[in-house]
Q: 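One structure coming up, written as C-alpha coordinates, with questions to follow.
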Amino acid sequence: MDKINRTKVEKPDCLTDNDKKWTLDWKTRIKEGKKFTWHNYKTMDCQKTISKALSQITNSHCSYCGIYKLERGRITPTIDHFKPKSIYPDLSFEWSNLFISCNECQKYKGSFFPNNKEQNFRGNFYPKNIEPLKPDDKDYFFDYWFQIDWRSNKILPNEIRTKDEQKKALITINFFCLNEDGRPEAREEELLKYTKTQDINIFSYVFFLERG
Ligand SMILES: [Zn+2]
(Lines give C-alpha, C1' and ligand atoms only; values in the text may rest on other atoms or scores of the structure.)
Protein backbone atom coordinates (compact mmCIF):
# COMPACT_ATOMS: atom_id res chain seq x y z
CA MET A 1 0.00 0.00 0.00
CA ASP A 2 2.92 2.32 -0.51
CA LYS A 3 3.16 4.67 -3.46
CA ILE A 4 3.55 2.59 -6.59
CA ASN A 5 5.32 4.06 -9.58
CA ARG A 6 4.42 2.08 -12.68
CA THR A 7 6.82 4.01 -14.90
CA LYS A 8 9.70 2.23 -13.13
CA VAL A 9 9.20 -0.73 -15.46
CA GLU A 10 8.31 -0.92 -19.14
CA LYS A 11 5.10 -2.55 -20.22
CA PRO A 12 6.00 -6.08 -21.39
CA ASP A 13 6.06 -6.62 -25.17
CA CYS A 14 3.61 -9.49 -24.96
CA LEU A 15 0.91 -7.02 -23.90
CA THR A 16 1.85 -4.36 -26.42
CA ASP A 17 1.70 -6.85 -29.27
CA ASN A 18 -1.23 -9.00 -28.25
CA ASP A 19 -3.55 -7.20 -25.88
CA LYS A 20 -6.30 -6.69 -28.45
CA LYS A 21 -6.17 -10.23 -29.80
CA TRP A 22 -6.10 -11.81 -26.35
CA THR A 23 -8.92 -9.56 -25.14
CA LEU A 24 -11.13 -10.76 -28.01
CA ASP A 25 -10.17 -14.33 -27.19
CA TRP A 26 -11.15 -13.79 -23.53
CA LYS A 27 -14.52 -12.33 -24.51
CA THR A 28 -15.21 -15.46 -26.57
CA ARG A 29 -14.10 -17.68 -23.70
CA ILE A 30 -16.48 -15.89 -21.32
CA LYS A 31 -19.39 -16.65 -23.66
CA GLU A 32 -18.30 -20.28 -23.88
CA GLY A 33 -17.95 -20.55 -20.10
CA LYS A 34 -14.21 -21.22 -20.36
CA LYS A 35 -11.48 -20.17 -17.95
CA PHE A 36 -9.13 -17.22 -18.35
CA THR A 37 -5.67 -17.93 -19.73
CA TRP A 38 -2.48 -15.85 -19.95
CA HIS A 39 -1.13 -17.31 -23.24
CA ASN A 40 2.44 -17.76 -24.38
CA TYR A 41 4.39 -15.24 -26.42
CA LYS A 42 7.42 -16.11 -28.56
CA THR A 43 7.72 -19.35 -26.54
CA MET A 44 7.77 -17.29 -23.33
CA ASP A 45 5.22 -17.79 -20.60
CA CYS A 46 3.46 -14.43 -20.61
CA GLN A 47 2.17 -14.91 -17.08
CA LYS A 48 5.73 -15.18 -15.77
CA THR A 49 6.91 -12.17 -17.76
CA ILE A 50 4.09 -9.96 -16.49
CA SER A 51 4.38 -11.24 -12.94
CA LYS A 52 8.11 -10.47 -12.90
CA ALA A 53 7.63 -6.96 -14.28
CA LEU A 54 4.86 -6.16 -11.79
CA SER A 55 6.93 -7.49 -8.90
CA GLN A 56 9.77 -5.17 -9.91
CA ILE A 57 7.45 -2.19 -9.59
CA THR A 58 6.61 -3.03 -5.97
CA ASN A 59 9.95 -4.61 -4.98
CA SER A 60 8.07 -7.89 -4.40
CA HIS A 61 5.52 -6.40 -2.04
CA CYS A 62 1.80 -7.01 -2.48
CA SER A 63 0.41 -3.92 -4.26
CA TYR A 64 -2.60 -3.86 -1.98
CA CYS A 65 -1.68 -4.92 1.56
CA GLY A 66 2.10 -4.50 1.36
CA ILE A 67 3.09 -7.99 2.48
CA TYR A 68 6.65 -9.05 1.62
CA LYS A 69 8.21 -11.08 0.06
CA LEU A 70 6.04 -12.40 -2.71
CA GLU A 71 7.73 -15.50 -4.05
CA ARG A 72 6.96 -19.04 -4.97
CA GLY A 73 6.50 -21.33 -2.01
CA ARG A 74 6.05 -18.70 0.62
CA ILE A 75 3.57 -16.00 -0.29
CA THR A 76 2.80 -16.85 -3.88
CA PRO A 77 2.58 -13.80 -6.15
CA THR A 78 -0.44 -13.63 -8.37
CA ILE A 79 -1.40 -11.20 -11.13
CA ASP A 80 -4.54 -9.40 -10.06
CA HIS A 81 -6.95 -7.45 -12.23
CA PHE A 82 -7.81 -4.33 -10.23
CA LYS A 83 -11.08 -4.17 -12.12
CA PRO A 84 -12.17 -7.81 -12.43
CA LYS A 85 -11.68 -9.40 -15.83
CA SER A 86 -15.14 -10.98 -15.71
CA ILE A 87 -16.89 -7.59 -15.43
CA TYR A 88 -14.37 -5.54 -17.42
CA PRO A 89 -13.07 -7.91 -20.11
CA ASP A 90 -11.70 -4.94 -22.07
CA LEU A 91 -9.21 -4.40 -19.24
CA SER A 92 -8.11 -8.03 -19.00
CA PHE A 93 -4.77 -7.41 -20.73
CA GLU A 94 -4.54 -3.70 -19.94
CA TRP A 95 -1.19 -3.05 -18.26
CA SER A 96 -2.54 -0.30 -15.98
CA ASN A 97 -5.19 -2.69 -14.63
CA LEU A 98 -2.69 -5.36 -13.59
CA PHE A 99 -1.10 -5.51 -10.13
CA ILE A 100 1.02 -8.02 -8.31
CA SER A 101 -0.92 -9.27 -5.32
CA CYS A 102 -0.76 -11.83 -2.55
CA ASN A 103 -3.27 -14.69 -2.71
CA GLU A 104 -5.16 -13.31 0.23
CA CYS A 105 -5.88 -9.91 -1.27
CA GLN A 106 -6.94 -11.51 -4.52
CA LYS A 107 -9.23 -13.88 -2.69
CA TYR A 108 -10.77 -11.03 -0.68
CA LYS A 109 -11.41 -8.92 -3.76
CA GLY A 110 -12.89 -11.79 -5.70
CA SER A 111 -14.69 -10.57 -8.78
CA PHE A 112 -16.45 -7.73 -7.02
CA PHE A 113 -16.11 -4.08 -7.95
CA PRO A 114 -18.19 -1.07 -6.83
CA ASN A 115 -20.31 0.33 -9.64
CA ASN A 116 -23.15 2.73 -10.32
CA LYS A 117 -25.51 0.99 -7.89
CA GLU A 118 -25.43 0.78 -4.13
CA GLN A 119 -24.10 -2.63 -3.17
CA ASN A 120 -23.29 -4.80 -0.19
CA PHE A 121 -20.29 -7.10 -0.35
CA ARG A 122 -18.66 -9.07 2.46
CA GLY A 123 -20.81 -7.22 4.98
CA ASN A 124 -19.71 -3.78 3.78
CA PHE A 125 -21.79 -1.10 2.14
CA TYR A 126 -20.56 0.44 -1.10
CA PRO A 127 -22.34 3.63 -2.18
CA LYS A 128 -22.74 4.09 -5.90
CA ASN A 129 -20.12 5.67 -8.12
CA ILE A 130 -17.23 5.67 -5.65
CA GLU A 131 -14.32 3.50 -6.69
CA PRO A 132 -11.58 2.31 -4.36
CA LEU A 133 -8.19 4.00 -4.67
CA LYS A 134 -5.92 2.42 -7.23
CA PRO A 135 -2.42 1.98 -5.79
CA ASP A 136 -0.69 3.60 -8.76
CA ASP A 137 -3.00 6.63 -8.94
CA LYS A 138 -0.93 9.78 -9.02
CA ASP A 139 -2.78 11.22 -6.01
CA TYR A 140 -2.53 8.03 -4.01
CA PHE A 141 -0.45 8.79 -0.95
CA PHE A 142 -1.02 6.71 2.15
CA ASP A 143 -0.65 9.66 4.51
CA TYR A 144 -3.14 11.71 2.59
CA TRP A 145 -5.96 9.17 2.66
CA PHE A 146 -5.36 7.14 5.78
CA GLN A 147 -4.35 7.25 9.41
CA ILE A 148 -3.48 4.49 11.84
CA ASP A 149 -5.16 3.78 15.14
CA TRP A 150 -2.12 2.69 17.14
CA ARG A 151 -4.18 0.97 19.83
CA SER A 152 -5.79 -1.45 17.42
CA ASN A 153 -3.27 -1.14 14.54
CA LYS A 154 -6.20 -0.62 12.23
CA ILE A 155 -6.02 1.59 9.16
CA LEU A 156 -8.70 4.26 9.17
CA PRO A 157 -9.77 7.06 6.82
CA ASN A 158 -7.84 10.25 7.49
CA GLU A 159 -10.20 12.30 9.64
CA ILE A 160 -8.94 15.64 8.34
CA ARG A 161 -10.19 14.90 4.80
CA THR A 162 -13.60 15.78 3.38
CA LYS A 163 -16.56 13.46 3.93
CA ASP A 164 -16.36 12.22 0.33
CA GLU A 165 -12.64 11.58 0.57
CA GLN A 166 -13.15 9.65 3.81
CA LYS A 167 -15.81 7.57 2.08
CA LYS A 168 -13.36 6.71 -0.68
CA ALA A 169 -10.69 5.80 1.87
CA LEU A 170 -13.13 3.58 3.78
CA ILE A 171 -14.20 1.82 0.60
CA THR A 172 -10.55 1.15 -0.19
CA ILE A 173 -9.92 -0.29 3.29
CA ASN A 174 -12.96 -2.55 2.98
CA PHE A 175 -12.25 -3.52 -0.62
CA PHE A 176 -8.80 -4.85 0.29
CA CYS A 177 -9.96 -6.07 3.74
CA LEU A 178 -7.02 -4.29 5.35
CA ASN A 179 -8.36 -4.65 8.89
CA GLU A 180 -9.58 -8.24 8.72
CA ASP A 181 -8.40 -11.68 9.69
CA GLY A 182 -5.44 -10.78 11.85
CA ARG A 183 -4.00 -8.20 9.51
CA PRO A 184 -3.69 -5.44 12.16
CA GLU A 185 -1.90 -7.95 14.41
CA ALA A 186 0.41 -8.97 11.57
CA ARG A 187 1.34 -5.32 11.05
CA GLU A 188 2.06 -4.85 14.73
CA GLU A 189 4.26 -7.95 14.76
CA GLU A 190 6.24 -6.64 11.80
CA LEU A 191 6.68 -3.28 13.51
CA LEU A 192 8.13 -5.01 16.57
CA LYS A 193 10.63 -6.89 14.38
CA TYR A 194 11.76 -3.80 12.52
CA THR A 195 14.54 -1.59 13.77
CA LYS A 196 15.38 1.64 11.99
CA THR A 197 18.93 0.56 11.12
CA GLN A 198 17.56 -2.03 8.70
CA ASP A 199 16.48 -1.60 5.11
CA ILE A 200 12.78 -0.93 5.43
CA ASN A 201 12.07 -2.30 1.94
CA ILE A 202 12.74 -5.88 2.98
CA PHE A 203 9.85 -5.76 5.43
CA SER A 204 6.11 -6.10 4.97
CA TYR A 205 3.79 -3.10 5.38
CA VAL A 206 6.42 -0.47 4.67
CA PHE A 207 3.80 2.32 4.85
CA PHE A 208 2.92 1.18 8.36
CA LEU A 209 6.50 0.80 9.61
CA GLU A 210 7.44 4.26 8.37
CA ARG A 211 4.96 5.77 10.76
CA GLY A 212 5.60 3.47 13.70
ZN1 LIG B 1 -1.95 -8.53 -0.19
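Ligands are counted one by one from 1 in listed order, and the atoms in each one are counted from 1 as well.
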Q: Quick one: which residue pairs count as a ring-ring contact (aromatic ring centres under 6.0 Å, His included) with a foot in residues 6-35, not counting sequence neighbours?
A: Trp22-His39, Trp22-Phe93, Trp26-Phe36
Q: Within 45 degrees of the axis of the six-membered ring of Phe99 and under 6.0 Å from its centre: does Arg6 put its NZ or CZ there?
A: yes
Q: Looking just at side-chain N and O atoms, do Tyr108 and Asp181 make a donor-acceptor pair shorter than 3.5 Å?
A: yes
Q: Which protein N, O or S atoms lie under 2.8 Å from the Zn ion (ligand 1)?
A: Cys62 SG, Cys65 SG, Cys102 SG, Cys105 SG
Q: Can you tell me if Tyr41 and Asp17 form a side-chain donor-acceptor pair at under 3.5 Å?
A: yes
Q: Please test Glu210 against Ile200 for side-chain contact (heavy atoms from CB on, under 4.5 Å), starting from the C-alpha separation and ending with a verdict.
A: CA-CA 8 Å; Glu210 270 173 353; Ile200 196 168; 3.6 Å; yes
Q: Considering non-hydrogen atoms only, spot the tightest contact between Pro135 and Phe82 and give its length.
A: CD-CE1, 4.3 Å
